[in-house]
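Everything numeric in this text was worked out from a predicted model, so none of it was measured.
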Protein chains: 2
Amino acid sequence: MTDRSDTSRSRRERPAKPALTREGIVAAAVAILRAEGLPKVTMRRLAQELDTGPASLYVYVRNTAELHAAVLDELLGTVGRAPAEGDWRERLERVLDSYTEMLFAHPSLARSALSARPSGPHYLNLIETLLALLDEGGVPPAQAAWGVDLLLQHATASAAEHVETASEEDWDALRGALRGLPERTHPRIAAVGDSLLSGTPEARLAWGRRTLIAGIERTAVPD
Amino acid sequence: MTDRSDTSRSRRERPAKPALTREGIVAAAVAILRAEGLPKVTMRRLAQELDTGPASLYVYVRNTAELHAAVLDELLGTVGRAPAEGDWRERLERVLDSYTEMLFAHPSLARSALSARPSGPHYLNLIETLLALLDEGGVPPAQAAWGVDLLLQHATASAAEHVETASEEDWDALRGALRGLPERTHPRIAAVGDSLLSGTPEARLAWGRRTLIAGIERTAVPD
DNA sequence: ACCTGAACACCGTTCAAGT
DNA sequence: ACCTGAACACCGTTCAAGT
């Protein structure tokens, strides 16, 4: 079944092995991400894919976190620019939607994006686009700046929540716990019923976004 | 220097070794968390602390994720209840503050809380408290239910952003990238200047919270 | 039922040595 | 300067065997 055996080892049949450069490394990392997910994008696995040892990668990449950040910015390339039609609200939501969709496809990347502040060119383009849309909507600059952070955090965190770490069982556990609570000790939970868990991810995401925008429009930043 | 050598190995000088029960395991995990942070709270390290092999822990804990969730709920015990004084807004902010403070002290726990939906008793108490405060503020139940999720996500994500993974360098990188952008291609970023990175974490957190609450108060949930 | 030693299948990162 | 083999110091989880 396994074919990394002796007989096939020396045949050169690996298709399009990327060069050992930063670009080639990132390209190979994206390929592994697409095929098997971020947890498999490890230094060792990547080195194997590039027919070298893990130590070689450290010439081009500081560490695993930086590698993951580079992968994120690469995927962000598909998101950047704003759509041309609709009023600013619609367009804002569409840009955020495209960012979110990308992250929903790779939740573990969202997770890493939360702690490793991205600063790649595609990320900067996204910020520029969002700022322009909020400006068009008449949101004061300082408020818009902090607002962009909040909107991106919301999208990123929502995606990160979907890493598939037995999370179906977590949900069942929470659902069960909520239903089993006596009204006497937890009256408000009983009162809201299933609302705590209702709605599709998309519906909750859209509501969250509208809620954030409504707040951003009317909450001034401190001096 | 190292004293896990032969001579000291058989002396029993470990203070207050917790019993091999779920409670004892969680207690030991919390102790390691407090002393050395979540990354050190591993099955192997924990087993070592409890003078046993890692395999023994699997009788009481399904896997590492479940262990971390149990640790989170344990620490959540210090947060639960609402303060008695002030109007609902002040009290809401204080409860969220106490939740946030705990997570800021353990950012990696926040990170794991984002993907492993908590469902422990202390977490349920926190939800109940937040729902009661929003109800007191006149927020419709369904809106409050989704709002609680948004508020907790904001607090958790903000804490998770602070995992110390060379993040000082990330910040510098972002700051430098923002400053180096030509006004021609990125006019809005140039226009908002330092606003994108301004403010203390506390100030941004407080603004985010007020922004969220303002939005939650006036954004209806879809039917 | 509970506990364990040993094994399987991995990790990130560093460093001395080579080219 | 770039690249590497080998090592160091770890991981989570399973399983057959013991009590």
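Going from atom CE of A:Met43 over to atom P of D:dC10 covers 20 Å, rounded to whole Å. Atom pair A:Leu46:CG and C:dT13:P shows a separation of 13 Å (rounding to whole Å applied). Rounded to whole Å, atom P of C:dC11 lies 17 Å from atom CG of A:Asn63. Between the CG atom of B:Leu67 and the C1' atom of D:dC11 there is a distance of 14 Å, given to the nearest Å. Spacing between atom CZ of B:Arg62 and atom P of D:dT14 amounts to 11 Å, rounded to whole angstrom units. A straight line from CZ of A:Arg22 to C1' of D:dA1 spans 18 Å, rounded to a whole angstrom. To the nearest angstrom, P of D:dT14 lies 13 Å from CG of B:Leu57. Between the NZ atom of B:Lys40 and the P atom of C:dC11 there is a distance of 20 Å, given to the nearest Å.
Comparing atom distances between the A:Tyr58 side chain and each of D:dT13, C:dT14, C:dC11 picks out C:dT14 as nearest. Set against C:dG12, D:dT4, D:dG12, the side chain of B:Thr64 has D:dG12 as its closest nucleotide. Candidate nucleotides D:dA7, C:dC2, D:dG5 were compared by shortest atom distance to the side chain of B:Tyr60, and C:dC2 ranks first. With distances taken from any side-chain atom of B:Val59 to the nucleotides D:dC2, C:dT13, C:dC2, the minimum falls on C:dC2. Considering only the side chain of A:Ala55, C:dC15 comes nearest among C:dC15, C:dT13, C:dA7. Distance from the side chain of A:Arg44 is smallest for D:dA7 among the nucleotides C:dA7, D:dA7, D:dT4.
Residues B:Gln153 and A:Ser158 bring a donor and an acceptor atom of their side chains to less than 3.5 Å of each other. Defined by atom type and a distance below 3.5 Å, a donor-acceptor pair is present between the side-chain atoms of A:Ser198 and B:Trp146. For A:Ser119 and B:Trp171, the side-chain atoms include no donor-acceptor pair closer than 3.5 Å.
Residues B:Thr200 and B:Leu205 have side chains not in contact (no heavy-atom distance under 4.5 Å, counting atoms from C-beta outward).
Spacing between D:dC10 and C:dA9 at atom P, rounded to whole Å, works out to 23 Å.
No donor-acceptor pair under 3.5 Å is formed between the side chain of A:Arg117 and the backbone N or O of B:Asp170. Under the 3.5 Å distance criterion, the side-chain polar atoms of A:Glu128 are matched with a main-chain donor or acceptor of B:Arg188.
Within the 4.0 angstrom heavy-atom criterion, only backbone atoms of the sugar-phosphate kind lie near B:Thr42; the bases stay farther away.
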>> Just to be sure I follow the notation: if a pair is Watson-Crick (purine N1 to pyrimidine N3 plus N6-O4 or O6-N4) or a G-U wobble (N1-O2 and O6-N3), each under 3.5 Å, what dot-bracket string does DNA chain C give, with | for pairs to another strand?
In response: ||.|||||...|||||.||

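At least one side-chain nitrogen or oxygen of A:Ser56 sits closer than 4.0 Å to the OP1 or OP2 atom of D:dT4.
When the ring-ring contact (aromatic ring centres under 6.0 Å, His included) test is applied to A:Phe104, the partners found at least two apart in sequence or on another chain are A:His162.
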